[in-house]
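Computed from a predicted model, the values in this text were never measured in an experiment. Heavy-atom basis, side chains included; hydrogens, waters and symmetry copies ignored.
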Amino acid sequence: MSETINKSATCCFTGHRASKLPWRDDESDIRCAELKKEILCAAERLHLSGTRLFICGMANGCDMYFGEAVTELRLKYPDILLEAAVPWEGQAEKWASGLKERYLRLISECDYHTVVSKTYTPDCMKRRNHYMVDSSSSLIAAYNGSPGGTRQTMLYALRKGLELIEIKID
């Protein structure tokens with residue numbers, strides 16, 4: 001895991017799955033392109049202020065956008081590290097083949113891998129989210145105002161005193 005990286009130099013991410021986004025899985029939508037750009041810019045600003053490790057929850061949708069933004073930033077800043085925080089080992093087993101290939105490609109580009117649970121449990125995603133927050137000093141959140149895991153993760157991060165960078169999704 002990330003024993004050599006100081007928590008103060010670590011950022012995690014939370015955001016909605018594709019099914020909760022206004023454009024769903026149509027990444028050619030201009031709003032999706034804008035969100036990806038905002039995620040990239042937020043991660044770059046944090047890197048320039050000292051963040052070196054970025055933790056991604058590896059869900060489809062915004063998590064993938066975040067992980068891919070970090071791998072793109074690594075081309076410019078080779079000192080950036082990426083950790084996959086996987087809620088359970090079979091997270092992507094039932095995904096469509098293209099999405100599963102994207103997941104496997106992103107996993108292969110991660111420097112660290114943390115698996116919260118061997119099998120699916122009703123709370124494994126919440127435990128993954130808590131792990132990410134507990135390991136970080138900042139949280140980037142792509143959020144549309146709806147209830148769910150993204151909101152819960154943001155509230156947990158605020159209770160833990162993390163810097164919260166919210167990117168609004170309209």
**Request:** Using modelled atom types only, decide if a donor and an acceptor are shared between the side chain of Thr150 and the backbone of Gly15 within a distance under 3.5 Å.
**Result:** yes
**Item:** Rounded distance (nearest 0.5 Å) linking atom OH of Tyr131 with atom OG of Ser136
**Value:** 8.0 Å
**Sequence neighbours excluded, every pair satisfying ring pair (Phe, Tyr, Trp, His ring centres under 6.0 Å) that has a member inside residues 141-170** = His16-Tyr143, His130-Tyr156
**Asked** By salt bridge (Lys or Arg N to Asp or Glu O under 4.0 Å), which residues pair with Lys20, not counting sequence neighbours?
**Response** none
**Message:** Contact between Asn129 and Val133 at the side-chain level, heavy atoms closer than 4.5 Å - yes or no?
**Reply:** no
**Message:** For a quick test of reading the model, state the closest non-hydrogen atom pair linking Leu35 to Ala142 and the distance between them.
**Reply:** CD1-CB, 4.0 Å
**Heavy-atom pair of closest approach, residues Ile55 and Ala85** = CG2-CB, 3.7 Å
**Request:** Kindly compute the distance separating CZ (Phe54) from SG (Cys110), expressed to the nearest 0.5 Å.
**Result:** 13.0 Å
**Asked** Within a strict 4.5 Å, meaning less than it, do heavy atoms of the Glu83 and Leu53 side chains meet?
**Response** yes
**Asked** Side-chain contact, heavy-atom cut-off 4.5 Å: Arg24 with Ser19?
**Response** yes
**Item:** side-chain hydrogen bond (donor to acceptor under 3.5 Å, both in side chains) contacts touching residues 38-47 (sequence neighbours left out)
**Value:** Glu44-Lys76, Glu44-Tyr77, His47-Arg52, His47-Asp79
Would you mind writing out the side-chain donor-acceptor pairs for residues 160-170 within the sub-3.5 Å range, not counting sequence neighbours?
{"unit_1": "Glu166", "atom_1": "OE2", "unit_2": "Lys168", "atom_2": "NZ", "d": "3.3"}

**Message:** For Leu82 versus Thr71, what's the shortest heavy-atom pair and its separation?
**Reply:** CD2-CG2, 3.7 Å
**Prompt:** Is the shortest heavy-atom distance from the side chain of Ile107 to the side chain of Val86 under 4.5 Å?
**Reply:** yes
**Message:** I'd like to know whether Ile39 forms a side chain to side chain contact (heavy atoms under 4.5 Å, CB included) with Phe13, so could you lay out the CA-CA distance, the side-chain angles of the two residues, the decisive distance to 0.1 Å, and finally the verdict.
**Reply:** CA-CA 9 Å; Ile39 290 169; Phe13 178 83; 4.1 Å; yes
Can you give the donor-acceptor pairs under 3.5 Å from side chains of residues 57-66 to other protein atoms, not counting sequence neighbours?
{"unit_1": "Asn60", "atom_1": "OD1", "unit_2": "Ala18", "atom_2": "N", "d": "3.1"}
{"unit_1": "Asp63", "atom_1": "OD2", "unit_2": "Met58", "atom_2": "N", "d": "3.3"}
{"unit_1": "Asp63", "atom_1": "OD2", "unit_2": "Ala59", "atom_2": "N", "d": "3.1"}
{"unit_1": "Tyr65", "atom_1": "OH", "unit_2": "Trp23", "atom_2": "NE1", "d": "3.3"}

**Message:** Is it the case that the side chain of Arg74 and the backbone of Glu109 share a donor-acceptor pair, with hydrogens and angles ignored and the cut-off at 3.5 Å?
**Reply:** yes
**Asked** Roughly how far apart are Asp123 CG and Arg128 CZ, rounded to 0.5 Å?
**Response** 12.0 Å
**Request:** For Lys100, enumerate each residue passing the side-chain contact (heavy atoms from CB on, under 4.5 Å) test, keeping only those at least two apart in sequence or located in another chain.
**Result:** Ala92, Trp95, Leu104
**Asked** If you draw a 6.0 Å radius around CZ in Arg17, do more than 12 non-hydrogen atoms from other residues or ligands fall strictly inside?
**Response** no
**CA sep, side-chain torsions, deciding dist, call: Glu27, Lys36, salt bridge (charged side-chain N to carboxylate O under 4.0 Å, His left out)** = CA-CA 10 Å; Glu27 292 185 43; Lys36 288 179 178 184; 2.5 Å; yes
**Prompt:** Of the non-hydrogen atoms in Cys11 and Leu46, which two are nearest, and what is the gap between them?
**Reply:** SG-CD1, 3.5 Å
**Request:** Identify whether Leu139 and Leu158 are in the same connected component of the hydrophobic contact network (ILVMFWY, side-chain heavy atoms under 4.5 Å).
**Result:** yes
**Message:** If hydrophobic clusters are built by linking Ile, Leu, Val, Met, Phe, Trp and Tyr wherever their side-chain heavy atoms come under 4.5 Å apart, do Leu48 and Ile80 end up in the same one?
**Reply:** yes
**Asked** Is a side-chain N or O of Arg151 found less than 3.5 angstrom from the main chain of Gly145, in a donor-acceptor match?
**Response** yes
**Prompt:** Measuring from Met132:CE to Thr14:OG1, what's the distance to the nearest 0.5 Å?
**Reply:** 6.0 Å
**Prompt:** Quick one: CG on Leu21 to CG on Asn144, what's the gap to the nearest 0.5 Å?
**Reply:** 7.5 Å
**Prompt:** Nearest heavy-atom pair of Ala43 and Ile140: which atoms, and what distance?
**Reply:** N-CD1, 3.8 Å
